[in-house]
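The figures here come from the full heavy-atom set of this structure, side chains too, leaving out hydrogens, waters and symmetry mates.
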Amino acid sequence: MAHLLALFFPPSVLRPAELATDAGILLGGAAIVAWLTWRRRWAWLWREWITTVDHKKIGIMYLLFAIVGLMRGGVDALMIRTQLAMPNNTFLGAEHYNEVFTTHGTTMVFFMAMPFIFALFNIAIPLMIGARDVAFPKLNAISFWLFAFAFLLFNMSFLVGGSPNAGWTAYAPLTELHFNPGVGENYYLIALQITGIGTIATGVNFLVTILRLRAKGMTLMKMPLFAWSALITSSLVIFAFPALTIALALTMLDRLFGSTFFTIAHGGMPMMYVNLFWIWGHPEVYILVVPAFGIFSEVVATFSRKRLFGYTAMVGSLIAISLLSYGVWVHHFFTMGAGAAVNAFFGISTMLIAIPTGVKVFNWILTMWGGRIRMTVAMLWQLAFIPTFVIGGATGVMLAVVPGDYQFHNSYFLIAHFHNVLIGGVVFGLFSGLYYWWPKMFGWMLNERQGKWAFWFFLIGFWVTFFPQYLLGLKGMTRRIYVYPPGLGWSTLNLVSTIGAFAMGAGFIILVYSILYSWRHRQPDLTGDPWDGRTLEWSLPSPAPEYNFAVLPRADARDAWWEMKRSGSCGKVSAVAVGPIEMPRRSAVPFLLGLSFFVAGFGAVFSFWTIALFGMAGVIALLLSGWFDEHDHHEIPAEEIRRSQAALGRFES
Amino acid sequence: METSTPKAHEIEQGEVVEISALAPRFEEHAFPWRQIAGYAASLLLTLGALLLVERRLLPAAWLAPVILALAAVQAGLQLGLFMHLRESLGATWHVLTLALAIVVALGIVILSIWIMAFKSGVS
């Protein structure tokens, strides 16, 4: 018993910050349970959300988790910046600091950006290509629940057992059992493995959805660019994630079963971990940024009231970026010293990526050229993105110059660069997409004025945070140091950077407040097309009915909905054309599968093998039950569809 | 081997399959003996590789080529048995995706060997 207590609650989870979080989670959890019970919402929660296989609802759940992830990762970031605000600060100790920067990076990549992207894929892609759902709706729900339970497992670490502390990259030998006892790294390895299964399944799902379920007439070259970006992202996921799976699995074998893949003392090769990690890791940054490119391509065309400039070049550059992204990974570890030939090869391939990316930037600018631009919040994020991302890209090319990289490597210059592209590219894009598709998700608009406040706080905060970090890097400050002495010329810049970080935090709080405010003072979107949009999702009511399209649309032109509006056939359907629709039936299997993986994962983290086997038995039983389930579809009768369409005012008069 | 064309109720209403190679095809067997045999063979091949390394059954120079060959056999086995490679009529898509997969896989292996030869340069 005492042994178990010591295992579950080592000193690192009994610090005041952790205990306060424990209390907050217990209170918040109790409040949610009380509310659900008081309002009798348990059955509703189970029926409408937990067992749903509807891509629109799954998208909303991804979004909810992504915002929670953004909060957690953001709090970690503020803790890091608070510690670094002044020289010789004692806010966080060395060990605590290691844990916080590890969970900051891991959360932001795997539990904020990835679910945010999948949220927008789920919400927009099937509607955009004229489909009734994704190709494998149940698998889609399984992907979500694997992610959600992995999120839970990973975030449990700092409350029970201890946080991972080897950085978000978890390099060997920092993760080897000998140097890193405790369960923290096990949480990292197993939670990422579980969410990775879900991610690969999502990649397969959207690849098949886009190749197979497009509306009649929508050839690949007539697809909206966001659908192209989802197709490219899916193929990147399928090819890149297996390398991460292997890297994590080998590290897990080393830690849990005594193998020595990465242990130098027994002939292992820690740099092989670094190599495998970045074979996944570099395509991963394109997995994150390519969807943002897609979002911007939709937003810029809609709010400039012009069709996208250079569509073919946009598609070509996306494909070029995706292929090049597999051949650049060594630029993350030039300083390993692989030799001049290797480093030159990967330096040049890295610089090549700037070419297709530059093509895209010019096309976005030329789309705006001569257009009638509306300054909505979604468009503001787009406008902020272009200069921010260009500067981030330019510093990236500086890092690709190998001799330069030997100076910049692992300094704050690098930190500033990748935040410049990951926030300036990915986060700006996700916020733009959030504002753009929000009415389609919920049927009401987000408050634009508050959205602009959030935008300016976040944008200015961003530059105040990260520009000083370039200078800090050039002054020699390296990443992952938790304390520095005065007199190095770092103190003022660090303080400025911290002030900027809190401004970004304020921007986030305004955003969340604005969501709640807009929900209380609902401004409904009755037309389904609040932005005068161009693609098929805007032909539907907001939010779209379960079956999406009463009659599947034809898309004979790019910007199909825009063309329909021009030719005067405005989204009304003829009542005669409506037939019964077969839709997937809700299922408890995805949720239970996630739960089983959680149990198995928890068992493996603590090496409680009975529990782990119990969880895996659940996984196998649920998979079997899913395979032999013949009743996974139900039919919505034509009469019901006619009734709901009539209520929405969607019939031709 | 029986190959049945998709039945009417199995295709969603209104759905049009533009690329015939991607039309759903179902291979029906009384019991998937073939797959189970393939699974067992895969396990045996893996076990073989493990034993070769653990028991040092081969001279060091032979070891890497032999286990790589075992891996290639297993990859072929799994592609054929589990990845529906033999079931489709449309070769174009398969050739395209397989070619891409082979390029990426070989690229990763060959470049990794090249990169990891760095030890000779620094030690």
Side-chain angles (χ1 to χ4, degrees), chain A residues 130-133 135 207-208 211-220 235-236 238-240 242-243 246 269 271-272 274-276 278-280 283 322-323 326-330 333 336-343 345-346 349 549-554 577 579-584 633 635 638, chain B residues 6-26 31-32 35 46 50 53-54 56 60 63 71 75 78 82-84 88 90 92-94 96-123:
Chain A
R132 294 223 160 98
D133 206 318
L207 189 85
V208 179
L211 288 181
R212 286 232 25 226
L213 298 185
R214 274 169 290 131
K216 253 189 214 171
M218 186 183 279
T219 58
L220 285 176
S235 76
L236 283 171
I238 294 168
F239 280 104
I246 298 299
M269 213 174 181
M271 282 317 289
M272 192 48 141
V274 178
N275 184 58
L276 284 171
W278 289 112
I279 287 174
W280 160 80
S322 75
L323 293 177
Y326 289 112
V328 300
W329 74 87
V330 174
F333 51 100
M336 177 179 86
V342 171
N343 281 359
F345 176 92
F346 284 93
S349 64
F549 295 90
V551 176
L552 286 176
R554 268 199 78 91
I581 297 173
E582 199 176 68
M583 291 301 290
H633 280 65
E635 194 178 79
Chain B
K7 294 172 196 108
H9 71 271
E10 283 163 348
I11 293 192
E12 232 179 285
Q13 194 221 357
E15 179 183 326
V16 174
V17 181
E18 286 177 12
I19 304 159
S20 66
L22 292 175
R25 281 162 212 288
F26 300 96
F31 195 78
Q35 276 76 5
T46 307
L50 181 70
V53 176
E54 234 196 354
R56 298 194 164 74
L63 202 54
Q78 298 205 2
F82 303 116
M83 301 298 177
H84 306 270
S88 170
T92 332
W93 280 87
H94 273 157
L96 191 76
T97 47
L98 265 182
L100 188 61
I102 288 169
V103 167
V104 171
L106 283 181
I108 287 173
V109 172
I110 292 170
L111 288 174
S112 291
I113 292 171
W114 187 38
I115 295 160
M116 285 301 145
F118 79 110
K119 275 186 168 172
S120 55
V122 289
S123 60

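Taken from CD1 in I115(B) to CD1 in I279(A), the straight-line distance is 6.5 Å, to the nearest 0.5 Å.
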**OP:** Determine, stepwise, if the pair V342(A) / L111(B) fulfils side chain to side chain contact (heavy atoms under 4.5 Å, CB included).
**Re:** CA-CA 9 Å; V342(A) 171; L111(B) 288 174; over 6 Å; no

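Nearest heavy-atom pair, M271(A) versus M116(B), reported as atom, atom and distance to 0.1 Å: O-CE, 3.2 Å.
With a 4.5 angstrom heavy-atom cutoff, A243(A) does not touch chain B via any of its atoms. The parts of A101(B) that come within reach of chain A are both its backbone and its side chain, each placing non-hydrogen atoms under 4.5 angstrom from that chain.
If you run side chain to side chain contact (heavy atoms under 4.5 Å, CB included) between S112(B) and each of V330(A), N275(A), L276(A), only N275(A) comes through.
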